[in-house]
Amino acid sequence: MKSMLEEDAVTPATRSKKPRVRWTTSLYQSVWRWHFYAGIIFAPFLIILAFSGSMYLFKPQIEGYLYKDMLTVREVGSQALRPSEIIAKTEGAYPGTKISSITLPDHPESTFRMSAIRNEQSVILYADPYSGTIRGIQNSDQTFSAFFKKMHSQLLMSGTWPNRLVELSACWAVILVITGLYLWWPRNKSAIWGTLLPRLGKRGSRTFWRDLHAVPAFWLSISIVILILSGLPWSGVLGKQIDRFANATHTNYPPYALGFMDKPQSVTVAKDVAEDIPWAAENIPVPASMSGSYIRLDVNEMTGIADQKNVQKPYTISMPNGNSGVYTISTDHKKPGLNATLHVDQYSGAILTDVRFQDYGIMAKAITLGIAFHEGRLFGVANQILGLLTCIGIMLIAISSYFMWRKRKPSGKLGAPGRAKDKRLTIGVLAIMLCFGVIMPLVGVSILVVLLLDVLIIRHIKPLKHWFTA
């Protein structure tokens with residue numbers, strides 16, 4: 001995303017004929033070529049990800065405004081109804097509704113949020129905690145946050161491959177930042193202008209778009225990388241690798257990640273049976289309640305357990321699934337240090353699992369903090385503003401690269417940098433790219449696909465070879 005075809009990027013030293021300088025020129029040319037193609041392919045997707053991410057950052061404020069009538073009560077009462085009373089009243093008033101979870105808020109003016117299946121459709125109901133009346137009902141898939149979350153994770157499409165495309169774009173964005181820093185790093189005092197500082201006094205649209213591309217990218221590079229890396233634990237391929245690595249190094253969640261116990265054989269994990277589960281606890285195996293002729297405890301007793309165990313609101317109580325299911329008390333709190341995941345026997349009230357932030361391994365703690373930063377809730381509004389500036393920067397960098405390319409693109413060609421003359425350096429840079437591919441598997445697959453297309457097709461068809469400067 002940093003550099004397209006720009007003469008200003010070439011340092012004066014590269015014009016010399018000394019052998020060492022020719023080596024530098026070839027290295028620069030090879031890196032530039034990879035950067036160009038990656039930018040051309042993935043810039044549109046990065047614009048979508050940055051835009052959707054910037055909207056999702058302000059989810060609390062935007063949804064608080066859009067759904068104010070549902071999220072807040074008209075009048076704060078003296079005593080709230082018990083959760084079981086609200087659930088019973090709701091299921092009685094709306095036949096065909098089965099509550100699966102209830103979220104208790106941390107503000108007295110907030111409604112209770114209940115997830116439910118109503119007439120075979122997933123819905124969210126908001127109940128006045130003082131009267132039990134429903135303030136509003138939403139389709140779970142049609143909320144503001146659901147729309148932008150799907151745009152951010154699946155480009156508003158269904159299936160697995162859109163998610164993989166998002167992951168591939170995010171991984172290549174990291175490489176674009178690294179290669180861009182190499183291309184634009186100021187090598188002398190004069191290079192500071194146009195890299196660290198914009199050349200405001202210099203006329204010409206080429207200079208404007210070039211500086212709009214390079215300057216924000218330079219200053220936001222660290223923030224961009226952190227923002228991208230903190231989102232990758234959710235990805236379908238690399239995310240699973242991260243989780244496996246954390247487990248293998250005993251730096252994820254207990255009990256067996258921090259100790260050396262045998263891994264429980266349960267095929268059901270926390271994210272399959274409950275809501276509001278922190279990332280580090282998503283794959284904790286779910287224990288079973290003791291089956292027998294017992295009477296199930298009600299939700300009110302779960303709130304008592306949550307208070308006794310000092311689980312901070314807002315927290316969610318997810319209902320047991322079947323006779324051997326468990327209650328789950330969980331909170332993916334806006335303050336990561338208050339994260340909690342408890343599995344409770346539905347008959348005896350025994351605590352079967354109790355995992356808090358302090359129980360996480362070092363890697364799980366780092367990822368949890370990174371996710372909170374990614375979502376803009378690690379340090380409040382300042383975090384949201386920093387995330388917004390980073391997203392705006394990504395969009396400016398991507399858009400400016402398009403204009404840089406159009407202004408330099410020759411007729412009848414894509415406008416890619418030519419191949420480096422030193423084949424040894426070309427192979428060396430390719431080896432480095434393949435190292436990135438080992439770390440990020442989808443990047444590795446994409447590189448192999450590109451190489452096969454280049455070797456088997458592009459180089460053997462003259463119009464394509466001319467177009468791609470192959």
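Given the structure is predicted, the values throughout are model-derived calculations rather than measurements.
Annotation: the span from Gln121 atom CD to Arg118 atom CZ amounts to 9.0 Å, rounded to 0.5 Å. Rounded to the nearest 0.5 angstrom, His152 NE2 and Ser145 OG are separated by 13.5 Å. Taken from CD1 in Ile367 to OG1 in Thr251, the straight-line distance is 7.5 Å, to the nearest 0.5 Å. Taking CD1 from Ile242 and CH2 from Trp279, the interatomic distance works out to 6.5 Å, rounded to the nearest 0.5 Å. The distance from the CD1 atom of Ile228 to the CG atom of Leu46 is 7.0 Å, given to the nearest 0.5 Å. Atom NZ of Lys409 is separated from atom OH of Tyr402 by 10.0 Å, given to the nearest 0.5 angstrom.
The pair Arg419-Asp454 meets the salt-bridge criterion, with a side-chain N (NZ, NE, NH1 or NH2) lying under 4.0 Å from an Asp/Glu carboxylate O. Comment: Asp276 does not engage Arg113 in a salt bridge, judged by the lack of any side-chain N to carboxylate O separation of less than 4.0 angstrom.
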Review point. Passes side chain to side chain contact (heavy atoms under 4.5 Å, CB included), Thr353 versus Leu342? Steps please.
Key: CA-CA 5 Å; Thr353 302; Leu342 283 70; over 6 Å; no

Check your understanding: Stepwise, does the side-chain hydrogen bond (donor to acceptor under 3.5 Å, both in side chains) test hold for Ser330 with Thr316?
Key -> CA-CA 5 Å; Ser330 56; Thr316 298; 5.2 Å; no

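Both cation-pi conditions hold for Lys365 and Phe357: the charged atom is under 6.0 angstrom from the six-membered ring centre and inside a 45 degree cone around its axis.
Across Ile277 and Thr341, no two heavy atoms sit closer than the pair CD1-CG2, 4.2 Å. Of all heavy-atom pairs spanning Val443 and Cys171, the tightest one is CG2-CB, 3.4 Å. What you find for Ala364 and Asn252 is that their closest heavy atoms are CB-OD1, 3.4 Å. Between Glu275 and Ser318, the shortest heavy-atom distance links the atoms N-OG, 3.2 Å. The nearest pair of heavy atoms linking Met395 to Ala50 is CG-CB, 3.7 Å. Across Ile397 and Ser400, no two heavy atoms sit closer than the pair O-OG, 2.9 Å.
Using a 30° and 60° split on the angle between ring planes, Trp234 and His374 fall in the perpendicular class, above 60°. Ring pair Trp209/Phe403 is parallel by interplanar angle, where below 30° counts as parallel and above 60° as perpendicular. The aromatic rings of Phe144 and Phe148 lie tilted to each other, with the angle between the two planes from 30° to 60°.
For Asp211 (side chain) and Arg199 (main-chain N/O), a donor-acceptor pair under 3.5 Å exists by modelled atom type. Formation of a donor-acceptor pair under 3.5 Å by the Glu167 side chain with backbone atoms of Leu238 is found in this model.
Of the options Arg377, Gln61, Lys59, a side chain to side chain donor-acceptor pair (under 3.5 Å) to Gln384 is made by Gln61 and by none of the others.
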